[in-house]
Engineer: 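Shown below is the structure under consideration.
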Amino acid sequence: MSREEIAKSYEPQEVEHRWYRYWEEHRLFEAETRSEKDPYCIVIPPPNVTGTLHMGHALNNTLQDILIRYKKMKGFNVLWQPGTDHAGIATQNVVEKDLAAKGTDRHTVGREKFIELVWEWREKYGGLIINQLKRLGCACDWSRERFTMDEGLSRAVREVFVRLYDEGLIYRGDYIINWCPRCHTALADLEVEHEERDSHLYYVRYPLEKGDGHLIVATTRPETLLGDTAVAVNPEDERYQGLSGVHVLLPILDRPIPVIFDRYVDTEFGTGALKITPAHDPYDFEIGETHGLKRIKVIDEDGRMNELAGPYRGMDRFECREKILADLEARGLLEKIEPYRHSVGHCYRCKTMIEPLLSKQWFVRVKPLAEKAIQAVKEGRTKIYPTIWEGVYFDWMENIRDWCISRQIWWGHRIPAWYCEGCGEVVVAKETPETCPACSGKDLIQETDVLDTWFSSALWPFSTLGWPDETEALKTFYPTSLLVTGFDILFFWVARMMMMGLHFMGDVPFRDVYIHALVRDAEGKKMSKSKGNVIDPLQVMDRYGTDAFRFTLAAFAAQGRDIKMSEERIEGYRHFVNKIWNAARFVLMNLEGDEEPMLGHAPAALADRWIRTRLGEVSEEVSRALEEYRFNDAAGLCYQFVWHEFCDWYLEMAKQGLYGGGEMERKSTRGMLCEVLMAVLKLLHPFMPFVTEELWQRLPGSTGSIMEAAFPEPSAHTRDREAADEMKLLMGVITGIRNVRGEMRIPPSKNVSVVMDIPDPQDALVLRRNEAHIMTLAKVDRLEIEAGARKPEGSATAVYGENQIHVLLKGLLDFGEERKRLRKEIAKVEKEMAAAERKLGNRGFLEKAPAEIVAEVRERVEGFKQRLEKLTRNLEFFDEDDA
RNA sequence: GGGCGGGUAGCUCAGUGGGAGAGCAUCGGCCUUACAAGCCGGGGGUCACAGGUUCAAAUCCUGUUCCGCCUACCA
């Protein structure tokens, strides 16, 4: 077989496309619906159809893909269930913008046509993010891709809605909700983002209806006073005793409103008098309820003042504020204005200031559902990693409030409720009813509102598997194994899936939840388009290759800390990918095609025995790290092992067998190289799918895709403690010689002679057996090894354990330099020894510390002493020499 | 207001009771035919600050301070 032609550096672009296509064509991503193997299932957090891949997606999906590929190699029947989310408000906004550009709007187009247009838009652009996930290498089972507006998922939504309604867990009613005047819809509490703003606190005089005097109330929103129906004071407040039954006059409108007493009012804040606007403030609404107050709505759905706002009718809410302040001022009713900082709610989609508004909406009564969801986590049926998030989950679940699920938009699951024009009956049903069950009338009009997108997302772990049908997939994969997501949607999504899964499936939706960090920019700021600090993952993949990017994400995915991303770091890991490429290139260039698998054979060479041992240990550690979601540890272990053990030592030592040995040795070295490289590729495959597949396929003896290969298993018989110890000694002396060479600035081209004093005969034997390695790796041309060897003239000395390694530097040795070097070494050892001796001098330590710790410290001190003694003797040698 | 996380080498971060670590950057020596996207070697830290617990603290406790995030109905 001819030697492989292989490029000098790794070029990712072409490779990546080719292998992804290969995996898809060979249907390697597809799960078995029924299987003998244990199932392992992850449902993807469905990206928004309007979305494009950002750093958060990249991290989230890389982590999932690592686990999916790892579990597949471990022999599981894996399913990574993909799909997208219809993102009601966001998608509707995008299509509306399109319409606006064409000079029209959805109302002109009409509901039916508009929805058609959204579907068209989705056909055209909805696949974008899916293709981007493919670029990332995601091993999703695309044959099962779902969309929250699919026929099947829509059926699940209706089923859930109807059942919850029948159980009394969904109701409709007039309440204060968060209204976005721009999106023109209600929002759930969660969809409101609070932000601190500098504002003002206005003190307004409300004259008493009878007689002189007035009450002063403090407010941040003077425009809402038009809807005031009372002024509340605390019954305990001495300032306001005797106001029982008294009325004040609403400024400007001169409407008399009562003074009421309520414990809620904080006597410390403002003047202790609170204006009550039940139609425009959530708490005022509740006070209004308990006191039976009228609700006067003065702001409409566009954020404009309505006819009840009297002279301000038609004004925008902000414009009205200015005008009303001017009018109050003019009438002498504005007592004072104080600067005031408070948080204001904004729409999470469009950042418009939220208007709390009285409105008729649909709600889910979540308390009973939440209780079961809390219980499930308390009992450990679902585990949240890192556990810190369990606390956050409990806190939110325990204080949960009813969920407003109706949205006044068109794109989404239309609420399956019909109103009878004849008798007013509300019919909630899975299928469109023909007649009213109450009056048999045929005039039924469907509710125009649609459901919150998160309502359908909450069903994702079972709706995607075929529910409400009892499918095989559902039986095989529910409960799913793991959910991987960012904490920003812990409440939006995770909590709601828990509630729905428990309620409808009778079991948790997933066994584990892994919450990962947020990706920030290099300064730790949240990436956002407006800040202009976004790093586009697609550009990163183009520039550095997907494998380097994925490895970077894994390496930085430490639990509980945000990731500060910068391109420099990705570049560093591109070097690592290239390193692997070149290591494989070296192996491939030396293979001759007649290599026999060495597995089962016991290799004689030290390096071979050692690398097998390390391979076993490292695979075990990497496996454990992945099982515990310590991605950074897993990546770090791979990096350290592959670069600093496999490349730096094993490959270098293999050259000896390749170029310096006999026929048998050459052949067995080639076999081992092939075996070890295969294992290394398999170890790395979950992190770097593309480069590992490319190299795997080039290796003789590999069959099929690396995706289907078995992850390296640590097997007990490859553990070779002796080889590890011997390697340690060998590396120690080689490093010792290199230290001397480096510090003495001996160029690599210059060989040196070395005399070693090795007191232990066994150690001496090991080193003699590996003389050739010492000579090549430390650039030594003459090597003498014996117990009690004398220090030659003009030599610098490295001390390793009880061994002294004298490096002959005839003529090259700068005595001053060597003295300096030894003194530095001595100082270092002395410092460490002093610390250890201090411990031994402490009676408390000797008495109370565990025996093995004491023994360990004793041993250490012994080592230091020995070393120190040898270093000192060498130093003295020069002092004499000098004299 | 409440809660959480963080402050360790120039930078980014691991390390949760017993010898301060990694990567990058930096400095010195090398184009040694797998790799200069590389090799070999060196330097660099009062582990934010102050107390405490302990034989022993980067690690546990208390307080201070700075940064970040989440959450909330004081208008």
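Since we're looking at a predicted model, the values are computed, not measured. Excluded from the calculations below are hydrogen atoms, water molecules and symmetry mates; all remaining heavy atoms, backbone and side chain alike, are included. Sequence lines set the chain letters: A, B, ... in the order given, protein chains first and strands last, and positions in each chain run from 1.
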Engineer: Can you tell me whether the side chain of A/Lys579 and the base of B/C35 have a donor-acceptor pair closer than 3.5 Å?
Structural biologist: yes

Engineer: Assign A/Arg401 to base, sugar-phosphate, or nothing according to its heavy-atom contacts below 4.0 angstrom with the strands shown.
Structural biologist: sugar-phosphate

Engineer: In terms of ring plane angle, is the pair A/Tyr639 and A/Tyr573 parallel, tilted or perpendicular, where the classes change at 30° and 60°?
Structural biologist: perpendicular

Engineer: When you compare B/C66 with B/C60, how far apart are their P atoms, in angstrom units rounded to a whole number?
Structural biologist: 22 Å

Engineer: Where the side chain of A/Tyr264 is concerned, which of B/U32, B/A75, B/A34 is the nearest nucleotide?
Structural biologist: B/A75

Engineer: Can you figure out which of B/A34, B/C39, B/A72 approaches the side chain of A/Asp648 most closely?
Structural biologist: B/C39

Engineer: Kindly say whether A/Ile216 contributes a backbone atom to a donor-acceptor pair with the side chain of A/Thr271 at under 3.5 angstrom?
Structural biologist: yes

Engineer: May I ask which nucleotide in the shown strands pairs with B/U32, Watson-Crick or G-U wobble, both distances under 3.5 Å?
Structural biologist: none

Engineer: Below the 4.0 Å mark, does B/A36 have OP1 or OP2 next to a side-chain nitrogen or oxygen of A/Lys8?
Structural biologist: yes

Engineer: Identify whether any heavy atom of A/Pro748 sits under 4.0 Å from a base atom; if not, whether one sits that close to sugar-phosphate; answer base, sugar-phosphate or nothing.
Structural biologist: base

Engineer: Both A/Glu743 and A/Glu568 contact RNA chain B. Which one's nearest nucleotide lies toward the 5' end?
Structural biologist: A/Glu568

Engineer: Expressed as a whole number of angstroms, how long is the span from A/Asp228:CG to B/A75:P?
Structural biologist: 15 Å

Engineer: Write down the distance separating the C1' atoms in B/A57 and B/U71, rounded off to the nearest Å.
Structural biologist: 34 Å

Engineer: Send over the distance from A/Phe845 CZ to B/G17 C1', rounded to a whole Å.
Structural biologist: 13 Å

Engineer: Specify the separation, in whole Å, of atom CD of A/Glu567 and atom P of B/A25.
Structural biologist: 15 Å

Engineer: For nucleotides B/U54 and B/U12, find the distance between their C1' atoms and express it as a whole number of Å.
Structural biologist: 34 Å

Engineer: Please check the phosphate of B/A34 (OP1 and OP2 only) for any side-chain N or O of A/Lys655 closer than 4.0 Å.
Structural biologist: yes

Engineer: Are OP1 or OP2 of B/C30 and a side-chain N or O of A/Arg745 less than 4.0 angstrom apart?
Structural biologist: no

Engineer: Look at the side-chain N and O atoms of A/Asn842 and state whether any lies under 4.0 Å from the OP1 or OP2 oxygen of B/A56.
Structural biologist: no

Engineer: Return whichever of A/Trp581 or A/Pro850 has its heavy-atom-nearest nucleotide of RNA chain B closer to the 5' end.
Structural biologist: A/Pro850

Engineer: Is a side-chain donor or acceptor of A/His516 paired with a backbone partner of A/Ala557 at a separation under 3.5 angstrom?
Structural biologist: no

Engineer: Please tell me which of the listed nucleotides, B/A75, B/C35, B/C11, lies nearest to the side chain of A/His342?
Structural biologist: B/A75

Engineer: Checking all strands, does A/His644 fall into the base, sugar-phosphate, or nothing category for heavy-atom contacts under 4.0 angstrom?
Structural biologist: sugar-phosphate

Engineer: Confirm from the modelled atom types if A/Glu268 and B/A75 form a donor-acceptor pair under 3.5 Å, side chain to base only.
Structural biologist: no

Engineer: Using the P atom as the point on both nucleotides, what is the distance between B/C47 and B/U59, in whole Å?
Structural biologist: 10 Å

Engineer: Within this structure, what is the CD-to-C1' distance between A/Glu223 and B/A75, rounded to whole angstrom?
Structural biologist: 13 Å

Engineer: How is A/Glu847 classified with respect to the nucleic acid when contacts are heavy atoms under 4.0 Å: base, sugar-phosphate, or nothing?
Structural biologist: nothing

Engineer: With P as the reference atom in both, quote the distance from B/C11 to B/G45 in angstrom, rounded to an integer.
Structural biologist: 13 Å

Engineer: Taking pairing as Watson-Crick or G-U wobble with both contacts under 3.5 Å, can you name the mate of B/C13, or confirm there isn't one?
Structural biologist: B/G21

Engineer: Out of B/G41, B/U12, B/G19, which has the shortest distance to the side chain of A/Phe556?
Structural biologist: B/U12

Engineer: Tell me the partner of B/U54, counting only Watson-Crick (N1-N3 plus N6-O4 or O6-N4) or G-U wobble (N1-O2 and O6-N3) with both under 3.5 Å; none if nothing fits.
Structural biologist: none

Engineer: Counting only side-chain heavy atoms from C-beta out, which of B/G41, B/C55, B/A75 sits nearest to A/Arg738?
Structural biologist: B/G41

Engineer: Assign A/Ser343 to base, sugar-phosphate, or nothing according to its heavy-atom contacts below 4.0 angstrom with the strands shown.
Structural biologist: base

Engineer: How about A/Glu191 and A/Tyr348: does a side-chain donor come under 3.5 Å of a side-chain acceptor?
Structural biologist: yes

Engineer: With both distances under 3.5 angstrom, what nucleotide forms a Watson-Crick or G-U wobble pair with B/C4?
Structural biologist: B/G68

Engineer: Among the candidates B/A36, B/G5, B/A34, find the nucleotide nearest to the side-chain atoms of A/Ile388.
Structural biologist: B/G5

Engineer: Can you classify the ring geometry of A/Tyr10 versus A/Trp581 as parallel (below 30°), tilted (30 to 60°) or perpendicular (above 60°)?
Structural biologist: tilted

Engineer: Look at the side chain of A/Asn582 and decide which nucleotide, out of B/C35, B/G18, B/G43, has an atom nearest to it.
Structural biologist: B/C35

Engineer: Contact class for A/Gly863 (heavy atom, under 4.0 Å): base, sugar-phosphate, or nothing?
Structural biologist: nothing

Engineer: Just compare B/C74, B/G41, B/C30 and give me whichever is closest to any side-chain atom of A/Thr735.
Structural biologist: B/G41

Engineer: Can you tell me if A/Lys824 touches the phosphate of B/G43, counting only side-chain N or O atoms and a distance under 4.0 Å to OP1 or OP2?
Structural biologist: yes

Engineer: Is there a donor and acceptor pair closer than 3.5 Å between the side chain of A/Arg860 and the base of B/G19?
Structural biologist: yes

Engineer: Using a heavy-atom cut-off of 4.0 Å across all strands, would you classify A/Phe576 as base, sugar-phosphate, or nothing?
Structural biologist: nothing

Engineer: Can you tell me the pairing partner of B/G41 across any strand shown, Watson-Crick or G-U wobble, with both distances under 3.5 angstrom?
Structural biologist: B/C27

Engineer: How about A/Leu225 and A/Thr277: do any of their side-chain heavy atoms sit closer than 4.5 Å?
Structural biologist: no

Engineer: Just checking A/Phe549 against A/Tyr544, ring centres under 6.0 Å apart?
Structural biologist: no

Engineer: Using the P atom as the reference point in each nucleotide, state the distance between B/G43 and B/G15 in Å, no decimals.
Structural biologist: 26 Å

Engineer: Which one, B/A37, B/G18, B/G41, comes nearest to the side chain of A/Ala849?
Structural biologist: B/G18

Engineer: Is the A/Phe261-A/Tyr240 ring centre distance short of 6.0 angstrom?
Structural biologist: no

Engineer: Using the C1' atom in both, what is the distance from B/A9 to B/A48, to the nearest Å?
Structural biologist: 15 Å

Engineer: Please confirm whether the shortest side-chain N or O distance from A/Trp396 to OP1 or OP2 of B/G2 is below 4.0 Å.
Structural biologist: no

Engineer: Output yes when at least one side-chain N/O atom of A/His575 is less than 4.0 Å from OP1 or OP2 of B/G38, else no.
Structural biologist: yes

Engineer: Between the base of B/C74 and the side chain of A/Tyr283, is there any donor-acceptor pair under 3.5 Å?
Structural biologist: no

Engineer: When we call it a touch if two heavy atoms are under 4.0 Å apart, what does A/Ser9 touch: a base, just sugar-phosphate, or nothing?
Structural biologist: base

Engineer: Expressed as a whole number of Å, how far does the C1' atom of B/G21 sit from that of B/C61?
Structural biologist: 26 Å

Engineer: So, taking the atom named CZ in A/Arg738 and the one named CE in A/Met731, what distance separates them when rounded to the nearest 0.5 Å?
Structural biologist: 9.0 Å

Engineer: In whole angstroms, how far is the P atom of B/A34 from the CG atom of A/Leu695?
Structural biologist: 17 Å

Engineer: What contact category does A/Asn578 fall into here, base, sugar-phosphate, or nothing, at under 4.0 angstrom with non-hydrogen atoms?
Structural biologist: base

Engineer: Look at all strands and tell whether A/Glu652 reaches a base, only sugar-phosphate, or nothing, counting heavy atoms closer than 4.0 Å.
Structural biologist: base

Engineer: Separation of A/His773 atom NE2 from B/U32 atom P, in whole Å?
Structural biologist: 22 Å

Engineer: Which of these nucleotides, B/C55, B/C39, B/A75, is closest to any side-chain atom of A/Val265?
Structural biologist: B/A75

Engineer: Just verifying a value: how many Å separate A/Leu293 CG and A/Ile276 CD1, rounded to the nearest 0.5 Å?
Structural biologist: 7.5 Å

